[in-house]
Participant: 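Before I ask anything, let me first share the structure, which is written out below as structure tokens.
Residues take their numbers from the sequence shown, with the count starting at 1. Just so it is clear, the values below take in all heavy atoms, side chains as well, and ignore hydrogens, waters and symmetry mates.
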Amino acid sequence: MYSRQILSRLTTSTIRSRCFASTLVLAEQIEGGKLAPVTLNTLTAAAQLKQDIDCVIFGTEKTNETANELKKFTNCNIKKILLAENAGFKGLLSESVTPILLDIQKKNNYTHILGGSSTFAKGVLPRLAALLDVQPISDITAVIDKSQYSRFIYAGNAILKLKSNDPVQIITVRGTAFEAAKQGGGSGEAQIEKVNSTPNNDLSEFVSRQVQQSERPELASARIIFSGGRALKSKENFKLLYDLADLFPGQATVGASRAAVDAGYCANDLQIGQTGKIVAPDLYVAIGISGAIQHIAGMKDSKVIVAINKDADSPIFAIADYGLTGDLFKVLPELTEKLKKK
């Protein structure tokens with residue numbers, strides 16, 4: 001009789017938890033009230049959990065404009081958009097955002113909280129996981145079910161399948177592994193709700209942010225990337241890549257391997273790889289890059305990979321869709337001239 005009562009309570013508890021299972025997505029706002037592209041990839045991952053989705057937006061202003069943009073994604077089953085707007089969120093410091101996010105979680109009891117693999121989410125979500133005493137799950141590449149996920153390990157040379165039994169699963173999503181969510185395609189409209197968001201942060205202070213201004217797109221959003229390695233030999237020679245990128249205005253930009261960055265040929269914000277940025281453009285052109293596994297981990301999801309290297313045995317050719325063996329200092333000027341004529 002006693003065991004039946006326990007079983008009954010367990011069954012009721014399980015059913016109740018399933019009925020109220022829901023997902024919160026940490027939607028990111030960029031300058032001008034725009035929605036960060038990584039949020040769209042995160043929405044795709046969240047939708048695969050097949051639960052109701054709420055989103056939360058933190059910002060100092062124009063969060064309502066970001067929410068209106070988010071409302072267009074009706075196929076993602078977004079039920080509610082929470083707005084946390086306050087001047088105290090300047091710089092989106094994790095010390096300011098996390099306590100508010102914790103209050104939201106305590107009120108709504110989400111079973112899954114997702115964010116993109118961005119600087120912002122990687123600063124906030126591990127803090128939240130520590131406060132909730134759960135294990136964060138980082139950089140997932142696939143959703144298997146509501147408790148099982150895949151992610152890369154060993155610099156992308158192996159795929160780990162993991163299962164979490166935590167009551168709240170805190171997850172960051174590798175944006176390049178999921179298609180961006182599309183607008184429309186569903187029914188209903190998300191409700192917009194403002195939350196009490198007065199941060200109390202005496203631990204840190206936002207001072208300033210220095211951003212390099214460029215007419216070229218960011219690495220994460222560029223359709224074409226011309227990426228250079230140590231074989232370019234100097235900072236001046238990187239101009240060969242910029243000349244190529246300028247032939248595709250608004251679409252192409254320049255990246256680099258860690259070896260090129262360490263040699264001082266370009267700024268470290270151009271670094272692509274395990275310790276740099278993760279990209280997946282339509283076209284990735286690796287120029288003078290040998291193909292170390294740390295670099296490949298950051299670009300192997302590219303749709304088409306082209307390798308230009310004078311060493312025919314370079315590992316980069318093993319993953320390239322197209323390869324050209326030759327001296328880059330002869331190939332690039334000729335390629336640039338031919339493209340100019342197109």
Side-chain angles (χ1 to χ4, degrees), residues 14-30 33-59 63-85 100-101 103-118 120-121 124-125 128-129 132 134 136-137 139-151 163-164 166-195:
T14 302
I15 293 173
R16 186 181 296 116
S17 65
R18 287 176 180 170
C19 289
F20 292 96
S22 57
T23 301
L24 178 67
V25 169
L26 188 59
E28 298 186 36
Q29 182 191 54
I30 55 178
K34 299 294 184 181
L35 198 62
V38 71
T39 297
L40 304 185
N41 307 101
T42 307
L43 281 173
T44 298
Q48 291 178 11
L49 292 167
K50 298 179 180 179
Q51 300 176 162
D52 289 346
I53 296 174
D54 288 355
C55 296
V56 59
I57 302 169
F58 289 89
T63 56
N64 199 66
E65 292 182 18
T66 310
N68 286 330
E69 184 179 354
L70 195 56
K71 284 173 66 176
K72 298 175 183 177
F73 296 88
T74 51
N75 59 331
C76 294
N77 202 30
I78 301 173
K79 299 299 182 183
K80 189 183 298 183
I81 302 173
L82 306 175
L83 303 185
E85 183 175 307
I100 307 301
L101 192 57
D103 290 340
I104 292 172
Q105 168 59 16
K106 288 180 177 178
K107 179 180 178 181
N108 296 286
N109 294 315
Y110 297 105
T111 56
H112 298 75
I113 301 178
L114 280 70
S117 288
S118 63
F120 173 55
V124 172
L125 294 184
L128 179 66
L132 294 172
V134 298
I137 303 169
D139 222 20
I140 67 166
T141 56
V143 175
I144 299 171
D145 57 35
K146 294 181 181 181
S147 63
Q148 296 187 86
Y149 314 92
S150 294
R151 64 184 301 271
K163 181 175 182 178
S164 173
D166 285 331
V168 182
Q169 295 177 29
I170 310 293
I171 302 166
T172 58
V173 174
R174 177 177 284 211
T176 58
F178 296 88
E179 294 290 335
K182 307 296 183 185
Q183 292 185 7
S187 59
E189 189 174 89
Q191 296 180 346
I192 296 178
E193 178 182 313
K194 292 187 176 182
V195 299

Participant: Please identify each residue that fulfils ring-ring contact (aromatic ring centres under 6.0 Å, His included) with F73, with sequence neighbours left out.
Facilitator: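 Counting only residues at least two positions away or on another chain, F73 forms no ring-ring contact (aromatic ring centres under 6.0 Å, His included).
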Participant: Tell me, please, which residues at least two apart from K79 pass salt bridge (Lys or Arg N to Asp or Glu O under 4.0 Å).
Facilitator: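 Result, salt bridge (Lys or Arg N to Asp or Glu O under 4.0 Å) vs K79: none returned.
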Participant: What is the minimum heavy-atom distance between A121 and G116, and which atoms define it?
Facilitator: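 Shortest heavy-atom separation between A121 and G116 comes out as CB-O, 3.0 Å.
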Participant: Can you list every side chain to side chain donor-acceptor pair (under 3.5 Å) pair that touches residues 169-182, not counting sequence neighbours?
Facilitator: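 Every side chain to side chain donor-acceptor pair (under 3.5 Å) pair that includes a residue of residues 169-182, provided the two are not neighbours, is D139-R174, Y149-Q169, T176-D301.
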Participant: Quick check against the 3.5 Å criterion: does T111 have a side-chain atom that pairs as donor or acceptor with the backbone of S22?
Facilitator: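 Checking the backbone N and O of S22 against the side chain of T111, a donor-acceptor pair under 3.5 Å is found.
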Participant: List the residues meeting side chain to side chain contact (heavy atoms under 4.5 Å, CB included) with K34, not counting sequence neighbours, and say none if there are none.
Facilitator: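 With sequence neighbours excluded, K34 shows a side chain to side chain contact (heavy atoms under 4.5 Å, CB included) to I30, E69, given in chain and number order.
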Participant: Mind listing the closest non-hydrogen atom pair of I53 and C76 along with its distance?
Facilitator: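 For I53 and C76, the tightest heavy-atom pair comes out as CD1-O, 3.1 Å.
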Participant: Pick out which of V124, L128, L26 makes a side chain to side chain contact (heavy atoms under 4.5 Å, CB included) with I170.
Facilitator: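 Going through the options one by one, the only one that passes is L128.
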Participant: Just do the side-chain contact (heavy atoms from CB on, under 4.5 Å) check on L101 and F58 with the steps written out, would you?
Facilitator: CA-CA 9 Å; L101 192 57; F58 289 89; 4.2 Å; yes
Participant: Output all residues satisfying salt bridge (Lys or Arg N to Asp or Glu O under 4.0 Å) with E65, sequence neighbours left out; order by chain, then residue number.
Facilitator: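 For E65 there are no salt bridge (Lys or Arg N to Asp or Glu O under 4.0 Å) partners, ignoring immediate neighbours.
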Participant: Indicate the atoms forming the closest heavy-atom contact of S164 with I137, along with that distance.
Facilitator: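 Residues S164 and I137, closest heavy atoms: CB-CD1, 3.7 Å.
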Participant: Would you say T42's side chain and V38's backbone share a donor-acceptor pair under 3.5 angstrom?
Facilitator: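 Such a contact is found between T42 side chain and V38 backbone.
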Participant: Has the side chain of T39 got a donor or acceptor atom that lies under 3.5 Å from a matching backbone atom of E28?
Facilitator: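 Side chain of T39 to backbone of E28: a pair is present.
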Participant: Taking all atoms of both residues into account, what is the closest heavy-atom pair of C55 and L43, and its distance?
Facilitator: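 Reported closest heavy-atom pair: SG-CD2, 4.0 Å.
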Participant: To the nearest 0.5 angstrom, please state how far the CD1 atom of I81 sits from the NZ atom of K71.
Facilitator: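 Rounded to the nearest 0.5 Å, the CD1-NZ separation comes out at 7.0 Å.
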Participant: Can you tell me how far apart CG (D166) and NZ (K163) are? Round to the nearest 0.5 Å.
Facilitator: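 Reported to 0.5 Å precision, the distance equals 12.5 Å.
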Participant: Return the NZ to CD distance between K80 and E193, rounded to the nearest 0.5 Å.
Facilitator: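 Here the rounded value is 4.5 Å.
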Participant: Could you state the interatomic distance from CD1 (I171) to CG (L114), rounded to the nearest 0.5 Å?
Facilitator: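 CG of L114 is found 4.5 Å from CD1 of I171.
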Participant: At their closest point, which heavy atom of L35 faces which heavy atom of A27, and how far apart are they?
Facilitator: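 Between these two residues, the closest heavy atoms are CD1-CB, 4.3 Å.
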Participant: Is S117 reaching over with its side chain to a backbone N or O of V173, donor-acceptor style, under 3.5 angstrom?
Facilitator: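 Yes, S117 side chain to V173 backbone: donor-acceptor pair under 3.5 Å.
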Participant: Under the rule for side-chain hydrogen bond (donor to acceptor under 3.5 Å, both in side chains), what residues qualify as partners of D52, not counting sequence neighbours?
Facilitator: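 Here the qualifying residues are N77.
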Participant: Of all residues at least two apart in sequence or in a different chain, which pass the side-chain hydrogen bond (donor to acceptor under 3.5 Å, both in side chains) check with S150?
Facilitator: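 With neighbours one apart ignored, the set is empty.
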Participant: Quick one: list whatever passes side-chain hydrogen bond (donor to acceptor under 3.5 Å, both in side chains) with N41, sequence neighbours left out.
Facilitator: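 With sequence neighbours excluded, N41 shows a side-chain hydrogen bond (donor to acceptor under 3.5 Å, both in side chains) to no residue whatsoever.
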Participant: Once side chain to side chain contact (heavy atoms under 4.5 Å, CB included) is applied, do any residues pair with D103, and if so which ones, sequence neighbours excluded?
Facilitator: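 For D103 there are no side chain to side chain contact (heavy atoms under 4.5 Å, CB included) partners, ignoring immediate neighbours.
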Participant: Between the main-chain N or O of L24 and the side-chain N or O of H112, is there a donor-acceptor pair closer than 3.5 Å?
Facilitator: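 No; zero donor-acceptor contacts below 3.5 Å.
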Participant: Not counting sequence neighbours, which residues clear side chain to side chain contact (heavy atoms under 4.5 Å, CB included) with T63? List them please.
Facilitator: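 Partners of T63 by the side chain to side chain contact (heavy atoms under 4.5 Å, CB included) criterion, ordered by chain and then number, come out as Q29, I57, L83, E85.
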Participant: Could you pull out all residues at least two apart from Q148 that satisfy side-chain hydrogen bond (donor to acceptor under 3.5 Å, both in side chains)?
Facilitator: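 For Q148 the side-chain hydrogen bond (donor to acceptor under 3.5 Å, both in side chains) partners, ignoring immediate neighbours, are D145.
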Participant: If you round to the nearest 0.5 Å, how far is CD of Q48 from CZ of F178?
Facilitator: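 Reported value, rounded in 0.5 Å steps: 5.5 Å.
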Participant: Who passes side chain to side chain contact (heavy atoms under 4.5 Å, CB included) against Q105, sequence neighbours left out?
Facilitator: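 Partners of Q105 under the side chain to side chain contact (heavy atoms under 4.5 Å, CB included) test: Y110, I113, L132, V168.
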Participant: How far does CG of D54 sit from CD1 of I78, to the nearest 0.5 angstrom?
Facilitator: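 Separation between the atoms: 9.0 Å.
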Participant: Start with the C-alpha gap between Q51 and T23, add the side-chain angles, then the distance that decides, and say whether side-chain hydrogen bond (donor to acceptor under 3.5 Å, both in side chains) holds.
Facilitator: CA-CA 6 Å; Q51 300 176 162; T23 301; 2.8 Å; yes
